[in-house]
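Okay, structure first, notes after.
Since the model is a prediction, treat every value here as computed from it, not as a measurement.
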Amino acid sequence: LSELGSESAKIKAMGIMDKLSTDKTVKVLNILEKNIQDGSKLSTLFNHNNDTEDEERLWRDLIMERVTKSADACLTAINIMTSPNMPKAVYIEDVIERVIQYTKFHLQNTLYPQYDPVYRVDPHGGGVLSSKAKRAKCSTHKQRVIVMLYNKVCDIVSSLSELLEIQLLTDTTILQISSMGITPFFVENVSELQLCAIKLVTAVSHF
């Protein structure tokens, strides 16, 4: 899927995606939807009390692998849809909704807690720190896999703004995209995502 993501980006840049058979392209999109669904609701945050450190790391690696695979599926699907001169048949509502569902979930539950400690839930309960105190305690070190996922999600958000300029979407979908585009401005340490969100919000405002 990672290879498919990068190859689809190349084919899109070359402007030859529309030369592929529409039937095959639609089949690929339906398969991609199943792969997006696989990681769209997986939580990557763990309670440290339940397992040993090794067990937790293995679980986390396995889940992050599935979440990353789903991100690659999202990127491939959105690369197909935002390629020039694509037939109407490729704008499958279920696939678009699944991409948005995946992106919203992992922004809220995976990336925001990693980049801004105000979004973290304390598994041990206890007092709530002020946002300034939480941010002061935050370590800037990020796992490579989280940075990779963050970059992929930035690409998805950016590509969604392209999709808005090509295809008319339902009001419900537009509302989902709007909330996804506005939230990053309330999160610290996500400047690249905020730039992509500006593009998204601008595209929404044209509707």
Side-chain angles (χ1 to χ4, degrees), residues 1-40 64-107 110-111 142 144-170 173-174 176-178 180-181 184 190-207:
L1 276 161
S2 175
E3 208 168 304
L4 204 56
S6 54
E7 288 301 318
S8 64
K10 286 178 197 169
I11 294 170
K12 173 185 167 180
M14 289 161 72
I16 56 171
M17 192 78 76
D18 61 318
K19 302 288 188 286
L20 301 172
S21 146
T22 302
D23 286 349
K24 283 183 181 172
T25 307
V26 168
K27 274 183 189 171
V28 167
L29 284 165
N30 287 321
I31 293 166
L32 288 169
E33 190 206 339
K34 298 288 182 281
N35 283 278
I36 297 165
Q37 188 177 1
D38 180 55
S40 65
M64 283 308 298
E65 191 178 305
R66 285 171 66 187
V67 168
T68 306
K69 179 190 77 168
S70 293
D72 287 321
C74 284
L75 276 172
T76 306
I78 212 101
N79 282 338
I80 291 170
M81 291 182 193
T82 54
S83 292
N85 309 314
M86 292 304 284
K88 286 283 179 195
V90 305
Y91 302 111
I92 304 166
E93 203 172 301
D94 287 350
V95 179
I96 295 167
E97 283 179 9
R98 194 74 71 188
V99 169
I100 293 163
Q101 180 189 63
Y102 170 91
T103 310
K104 277 191 79 169
F105 181 87
H106 286 292
L107 281 171
T110 304
L111 296 172
K142 294 280 172 297
R144 192 173 62 86
V145 68
I146 290 290
V147 175
M148 196 189 303
L149 182 65
Y150 173 75
N151 290 331
K152 286 178 193 290
V153 169
C154 284
D155 287 344
I156 295 167
V157 171
S158 186
S159 297
L160 279 170
S161 60
E162 289 179 51
L163 184 64
L164 282 170
E165 288 163 14
I166 297 167
Q167 177 65 7
L168 197 64
L169 303 176
T170 64
T173 306
I174 292 296
Q176 295 261 14
I177 289 176
S178 299
M180 190 166 75
V190 290
S191 52
E192 301 87 354
L193 179 63
Q194 286 167 348
L195 282 173
C196 298
I198 288 171
K199 279 176 68 181
L200 192 60
V201 171
T202 307
V204 168
S205 69
H206 291 154
F207 268 75

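- Glu7 has its side chain out of reach of Thr76: every pair of non-hydrogen atoms, C-beta onward, lies at least 4.5 Å apart.
- Residues Leu1 and Asp72 approach most closely at O-CB, 3.6 Å, considering heavy atoms.
- Of the listed residues (Ile92, Asp94, Thr25), just one forms a side chain to side chain contact (heavy atoms under 4.5 Å, CB included) with Asn30, and that residue is Ile92.
- When all heavy atoms are compared, the tightest approach of Tyr102 to Ser70 is CE1-CB, 3.4 Å.
- Counting all heavy atoms, side chain and backbone alike, Tyr91 lies closest to Ile166 at OH-CG2, 3.2 Å.
- The closest side-chain heavy-atom distance from Val145 to Leu149 is not below 4.5 Å.
- In this structure, Gln176 and Lys104 have side chains that are in contact, with non-hydrogen atoms separated by less than 4.5 Å.
- Judged by distance alone, the side chain of Ser40 and the main-chain N or O of Gln37 form a donor-acceptor pair under 3.5 Å.
- Remark: Lys88 NZ to Leu168 CG distance equals 8.0 Å, nearest 0.5 Å.
- Closest heavy-atom contact between Asn79 and Met17: O-CE, 4.1 Å.
- Side-chain N/O atoms of Thr68 and Lys152 include no donor and acceptor closer than 3.5 Å.
- The CG atom of Leu160 sits 4.0 Å away from the CD1 atom of Ile78 when rounded to the nearest 0.5 Å.
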